[in-house]
Amino acid sequence: MSKLNPAEIEPKWQAAWDAAQVFKAVRDPAKPKYYVLEMFPYPSGKLHIGHVRNYTMGDVVARYKIATGHAVLHPMGWDAFGLPAENAAIDNNLHPGAWTRQNIDSMKRQFNLLGLSLDWSREFATCDPDYYAQQQSLFIDFMEKGLIYRKDAVVNWDPVDMTVLANEQVIDGKGWRSGATVERKELTQWFFKISDYSEELLSALDGLTNWPEKVRLMQANWIGKSQGLRFGFDLTTPASDMDRIEVFTTRPDTLLGASFVGISPDHPLAKALEAENPDIAAFCAECRKTGTSEEAMEKAEKLGFDTGLKVRHPLDPNWELPVWIANFILMDYGTGAIFACPAHDQRDLDFCRKYDLPVIDTFFAMDDPAPVANEAFVPPKTEKVKWVNHFAGLEEATGLEAIDATVAFAEKAGWGTGVTQFRLRDWGLSRQRYWGCPIPVVHCEKCGVVPEKKENLPVKLPEDVSFDIPGNPLDRHPTWRDTPCPACGAPAKRETDTMDTFVDSSWYFARFTAPDAPTPTVAEDVAYWMNVDQYIGGVEHAILHLLYSRFFARAMHICGHLPEGAIEPIDALFTQGMVTHALFTPADGDEKRGPFFFPEEVDIEAGVHRETGQPIKIIPPIKMSKSKKNVVDPEAIISAYGADTARWFVMSDSPPERDVEWTASGAEAAFKHLGRVYRIAAELVDNTSSGTEEDALALRRATARTVQDVTDGIDGFQFNTSVAKLYAFTNTVAKSKASGDERREAMRTMARLMQPMTPHLAEEVWAMLGGEDLVVQAPWPKADPALLVEDTVTLPVQINGKRRAEISVAKDASKEAIEELALGQDAVQKALNGAVPKKLIVVPGRIVNVVV
RNA sequence: GCGGGCGUGAUGGAAUGGUAGACAUAUCGGACUUAAAAUCCGAAGGGCUUAGUCCCGUGUGGGUUCGAGUCCCACCGCCCGCACCA
């Protein structure tokens, strides 16, 4: 008896698919199209199990859609620009491009081992000049339409390395290489005007019914629409040419509880005061030592500084409030200035207690107003509360009513305006780095900022750069910056900032529809292939990547690169969970800084490093990441068990949307199961046994049930349940006494059902049992509805919700018959113990509940 | 800190508001074997002076319902995102 030998069959069937060109995407007007896309990988160099999970999911969908008669587009590419390539360049003295290319080659080789249904003819990397040329062309189009502008913005600045740091490179406020305290620095940078689309991006979320609810919610909260009041506090004495401070508040109804006016350290007034007052300058400098991330700002200790300035309360000219600079006020949101109401906002209260600022007692409450101690009363928005004192004349109202009334009052009185405020900020795309798409503009002394001419694209990255000095090599390249001004021809300088890598990934899905075109897209191709019918990727991209892509599609539509119907480019989204793994460091290692060991370097049982014997610390599982070395090498699993085992394993057990911790034990089991399927098929090849009609019918029923359940599982993205049903079906076939013909038929159906998950084994079984052509080209099986209906059903009988018996009834039994049968059960009578049922609930086909 | 999610046997998990624990892993027992591996068959949530279609059981505490793992409220724990990681 031959044994399943993946090393032999997997390359054989991969070659057969290649020869038949089954995965080449071809526009076919006669077929419905289906575009399935997994988020393309960053070429880190090695495939990890998370990739295997992600791409197998997409492959299952793609193969299923091929089987159900669709023209399928299932492409693959590389998100190839980014920081790690530059880090590798610094660490290994290797050019980022060479490092990236090398990684792509090795990852592509690993991809090919998996037997994925990819159309490699459409492959590109975002660092290909052909790709970024089109991206530069889009940039110029966007500029022309006013979708891009420049303004000053802050970056993390490492004062020792004299370089800009990503948030990721700032650890506990220090630069990751230098260890120097990071400062904030202002630079002039490029921005996409995504905030112009806040309302549109928010309201269109309602139409994305095939997106996970949680992603839509997260995006809605990220966009953060809020209604509020904008108004000014007049300064009692003008300071630095300013005579009032504009504030925005979502709770204007708490204005009578105002305690102070706060401004951001980056507020123009604060900056003006800095120049005059060294103490303020010192305070603002201290605030700027906090990282730029919102998390760092929010978690930082709340600090304030009294400017000594006073403002008048808009409702009472005799009421003066102090003006403070506070580190928790963001210049990017609203006007960069607030008023604080300690009685009704916890953060304001904490701040007032800390700096001994006045706290006005509560003026609205659920019941009776209680004096404010150290807990603020946050008035609910939708519940009615009593108003002890309210200037808009309300006695009792919900928060929302109160806000509306207050805004109306302020507008009528003329001292404020109701405004809609969004949290969403414009997308800063400038990066002071080499390994990214060059921003195609030129700075000319005479003409200013001028876009490069399209015929001069791409603006190519120079190859001759070095990374021995920190900073952007483009800045110090001897010749690359020098270029004639595209407008006047005078000598000018190129922009040296490159684009955020999110730009690269914001339109690649559209490029896959015509990857070689001399324009960003081609009308017929986007018309046929767009939108992406199913997009699959990690939930960590739920906000930024997906929001930017939605913006980009709108911008591309405005510039004529996408049709109206593609402004929401992703029809259905599935966010898969991450694959996690324990982290290994030396006993004195740090879970953030490492150093880290690869799983294969350590002996978990003994708790030591294999080579050095040094004791290790095991840190609970987190997302797999190359930098933390908590990765598992899929290639080792493939060479031990084959790709089908790896694929089967990642599809089984865990629901796709949930995180899964990698454990080695499952692979062995998956391999055993596939061997069993193969063995069952092999034993049936020449089986001429006969069987009873009853056994045949039972097997046919089980087959139909399995077809239905596996199909439902794939349709509903519950691959783990499809796998479970296939396990159960294997047990059924193994035990079946039906004839050889019947069992062969069942196994051919098994092959078709397993094909999306374990395509190589499926082909082998299909061929062995006389299936025609390739199973990948075979139509998806259909369940005979007649075989799905059971003649009799088993109903549990409950008494007061507790199961006491079960009855077997015909599927179309009447309610009366069911009631009678249920009450007639000994167990039921015994449990009733003479009590008379008050009520009988019969749910046909489901349950009987006797209420006493 | 803010936003979002998750929580079920030893383990991964299953379960349109309707028999909780399907299917698998690990474990234990049996068959085959000189033996082992492989394979096949079977047991198994916890508890018990009553072994019963008995009691308890889906993070904790409440609630809605004839009926709650599922819906609602509060809490606890873990995970993700927070705009320059991709």
Side-chain angles (χ1 to χ4, degrees), chain A residues 3 39 41-42 44 79 81-84 153 155-156 164-170 189 212-215 217-222 224 292-300 302 328 332 347 423-433 500-502 505 538-545 547-548 575 577-578 580 620-623 625 627 652-655 657-661 663 665-666 668-670 672-673 675-676 679 718 720-721 723-728 731 734 794-806 827 830-831 838-841 843 845-852:
Chain A
K3 239 183 110 198
M39 289 177 187
Y42 178 80
S44 57
D79 189 13
F81 277 134
L83 202 48
V155 292
N156 297 307
V164 175
L165 297 178
N167 283 338
E168 190 191 51
Q169 298 171 312
V170 179
Q189 306 197 61
E213 189 57 39
K214 64 173 174 182
V215 174
L217 235 177
M218 280 191 262
Q219 289 212 354
N221 288 334
W222 185 261
T292 58
S293 81
E294 198 168 306
E295 183 192 7
M297 310 262 284
E298 291 280 340
K299 276 189 182 165
K302 307 290 175 275
F328 59 85
D332 289 317
R347 186 171 63 181
R423 206 183 75 96
L424 181 65
R425 311 201 292 254
D426 278 331
W427 170 13
L429 67 109
S430 292
R431 297 293 181 269
Q432 295 70 40
R433 287 189 233 294
D500 178 8
T501 57
F502 272 121
S505 56
V539 68
E540 68 272 23
H541 294 292
I543 297 174
L544 291 180
H545 163 57
L547 191 62
Y548 291 158
T575 53
M578 289 178 303
T580 63
I622 59 161
K623 173 183 178 180
S625 93
S627 64
S652 56
D653 290 348
S654 253
E657 69 277 11
R658 212 182 290 183
D659 284 357
V660 58
E661 187 194 346
T663 57
S665 62
E668 178 83 17
K672 280 184 188 175
H673 176 73
R676 186 174 184 222
R679 211 161 37 246
Q718 294 178 292
N720 55 322
T721 63
V723 167
K725 299 295 180 187
L726 286 165
Y727 266 110
N731 291 337
T794 304
L795 296 185
V797 180
Q798 295 182 332
I799 293 170
N800 288 340
K802 283 199 187 295
R803 193 184 72 101
R804 297 295 171 183
E806 54 183 44
K830 200 174 133 197
K838 277 189 218 151
K839 201 167 156 192
L840 262 171
I841 291 157
V843 185
R846 276 288 175 197
I847 203 161
V848 181
N849 194 10
V850 184
V851 187
V852 286

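Just so we're on the same page: letters track the sequence lines, and every chain starts at 1.
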*Asks:* Less than 4.0 angstrom between a side-chain N/O of A/R679 and OP1 or OP2 of B/A38, yes or no?
*Replies:*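 Answer no for this pair, as no side-chain N or O of A/R679 is under 4.0 Å from OP1 or OP2.
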
*Asks:* Ignoring the backbone of A/N221, work out which of B/C80, B/G3, B/A86 is nearest its side chain.
*Replies:*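 Among B/C80, B/G3, B/A86, the one nearest the side chain of A/N221 is B/G3.
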
*Asks:* Is the shortest side-chain N/O distance from A/R846 to OP1 or OP2 of B/G67 below 4.0 Å?
*Replies:*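 Indeed not, no polar side-chain atom of A/R846 lies that close.
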
*Asks:* So, does the side chain of A/Q432 form a donor-acceptor pair with the base of B/C84 at under 3.5 Å?
*Replies:*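 It does, because a donor-acceptor pair links the side chain of A/Q432 to the base of B/C84 below 3.5 Å.
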
*Asks:* Taking atom P in both B/A15 and B/U19, compute the distance separating them and give it to the nearest angstrom.
*Replies:*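 Approximately 13 Å lies between the P atom of B/A15 and that of B/U19.
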
*Asks:* Using a 4.0 Å heavy-atom cut-off across all strands, classify A/F502 as base, sugar-phosphate, or nothing.
*Replies:*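 It contacts base atoms.
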
*Asks:* Does a nitrogen or oxygen in the side chain of A/N720 sit under 4.0 Å from OP1 or OP2 of B/A22?
*Replies:*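 False: A/N720 side-chain N/O out of range (4.0 Å or more) of B/A22 OP1/OP2.
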
*Asks:* Give A/P41 one of three labels, base, sugar-phosphate or nothing, depending on what nucleic acid heavy atoms sit under 4.0 Å from its own.
*Replies:*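 Contact class for A/P41: none.
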
*Asks:* Please give the distance between the P atoms of B/G17 and B/G69 as a whole number of Å.
*Replies:*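 My reading of the P atoms in B/G17 and B/G69 gives 13 Å.
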
*Asks:* My understanding is that a pair needs two contacts under 3.5 Å, Watson-Crick or G-U wobble. By that rule, which nucleotide pairs with B/C32?
*Replies:*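 Paired with no nucleotide.
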
*Asks:* Between A/V215 and A/A734, which is nearer to the 5' end of RNA chain B once each is assigned its nearest nucleotide?
*Replies:*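 Mapping each residue to its closest nucleotide by heavy atoms, the 5'-most match is A/V215.
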
*Asks:* Is there a side-chain contact between A/N167 and the phosphate of B/A83, meaning an N or O under 4.0 Å from OP1 or OP2?
*Replies:*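 Yes, because at least one side-chain N or O of A/N167 sits under 4.0 Å from OP1 or OP2 of B/A83.
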
*Asks:* With a 3.5 Å limit on both atom pairs, tell me what B/A37 is paired to, counting Watson-Crick and G-U wobble, or say none.
*Replies:*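 Partner of B/A37: none found under 3.5 Å.
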
*Asks:* Does the B/U53 base have a donor-acceptor partner in the side chain of A/R803 within less than 3.5 Å?
*Replies:*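 Donor-acceptor pair under 3.5 Å: yes.
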
*Asks:* Please tell me which of A/G428 and A/R347 maps to the more 5' nucleotide of RNA chain B, matching each residue to the nucleotide holding its nearest heavy atom.
*Replies:*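 It is A/R347, whose closest nucleotide lies nearer the 5' terminus.
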
*Asks:* Using only side-chain N and O atoms of A/R423, determine if any of them is under 4.0 Å from OP1 or OP2 of B/C82.
*Replies:*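 Checking A/R423 against B/C82: no side-chain N or O falls below 4.0 Å of OP1 or OP2.
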
*Asks:* Has A/R658 got a side-chain N or O lying under 4.0 Å from the OP1 or OP2 atom of B/C80?
*Replies:*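 Checking B/C80 against A/R658, no side-chain N or O comes under 4.0 Å of OP1 or OP2.
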
*Asks:* Sticking with atom P, work out how far B/C32 lies from B/U50, rounded to a whole angstrom.
*Replies:*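 Between the two P atoms, the distance is 37 Å.
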
*Asks:* Which of parallel (below 30°), tilted (30 to 60°) and perpendicular (above 60°) describes A/H673 and A/Y727?
*Replies:*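 A/H673 vs A/Y727 ring planes: tilted.
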
*Asks:* Using a cut-off of less than 4.0 Å, is there contact between a side-chain N or O of A/Q718 and OP1 or OP2 of B/A15?
*Replies:*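 Yes, A/Q718 has a side-chain N/O under 4.0 Å of OP1/OP2 on B/A15.
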
*Asks:* Write down the partner of B/A43 under the Watson-Crick or G-U wobble criteria, each distance required to be under 3.5 Å.
*Replies:*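 WC or wobble partner is B/U27.
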
*Asks:* Taking only the C1' atom of each, what is the distance from B/U64 to B/C84 in whole angstrom?
*Replies:*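 Taking atom C1' in both B/U64 and B/C84, they lie 49 Å apart.
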
*Asks:* For A/K672, answer base if it contacts any base atom (sugar-phosphate contacts may also be present), sugar-phosphate if it contacts only those atoms, and nothing otherwise; contact means non-hydrogen atoms under 4.0 Å.
*Replies:*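 Sugar-phosphate, no base atom in range.
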
*Asks:* With C1' as the reference atom in both, quote the distance from B/C55 to B/C2 in angstrom, rounded to an integer.
*Replies:*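 Going atom to atom, C1' in each nucleotide, I get 46 Å.
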
*Asks:* For the C1' atoms, the ones on B/G3 and on B/U60, what distance do you get once it is rounded to whole angstrom?
*Replies:*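 Rounded to whole Å, the distance is 24 Å.
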
*Asks:* Which whole number of Å gives the distance between the P atom of B/G59 and that of B/A51?
*Replies:*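 So the two P atoms sit 32 Å from each other.
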
*Asks:* Can we say A/E657 and A/K214 salt-bridge, meaning some charged N sits less than 4.0 Å from an Asp/Glu carboxylate O?
*Replies:*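 Looking at A/E657 and A/K214, the cut-off is not met.
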
*Asks:* Does the B/C84 base have a donor-acceptor partner in the side chain of A/Q189 within less than 3.5 Å?
*Replies:*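 Present.
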
*Asks:* Please classify the nucleic acid contact of A/K802 as base, sugar-phosphate, or nothing, using heavy-atom distances under 4.0 Å.
*Replies:*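 Sugar-phosphate contact only - A/K802 comes under 4.0 Å of backbone atoms but never of a base.
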
*Asks:* Which nucleotide, in any strand shown, forms a Watson-Crick or G-U wobble pair with B/G3, with both distances under 3.5 Å?
*Replies:*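 B/C80 is the nucleotide pairing with B/G3.
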
*Asks:* When we call it a touch if two heavy atoms are under 4.0 Å apart, what does A/S505 touch: a base, just sugar-phosphate, or nothing?
*Replies:*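 Since no nucleic acid heavy atom lies under 4.0 Å of A/S505, the category is nothing.
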
*Asks:* Quote, to the nearest angstrom, the P distance that separates B/C41 from B/C23.
*Replies:*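 About 13 Å, rounded to a whole number of Å.
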
*Asks:* Could a donor-acceptor pair under 3.5 angstrom be found where the side chain of A/E295 meets the base of B/C82?
*Replies:*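 Pair found.
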
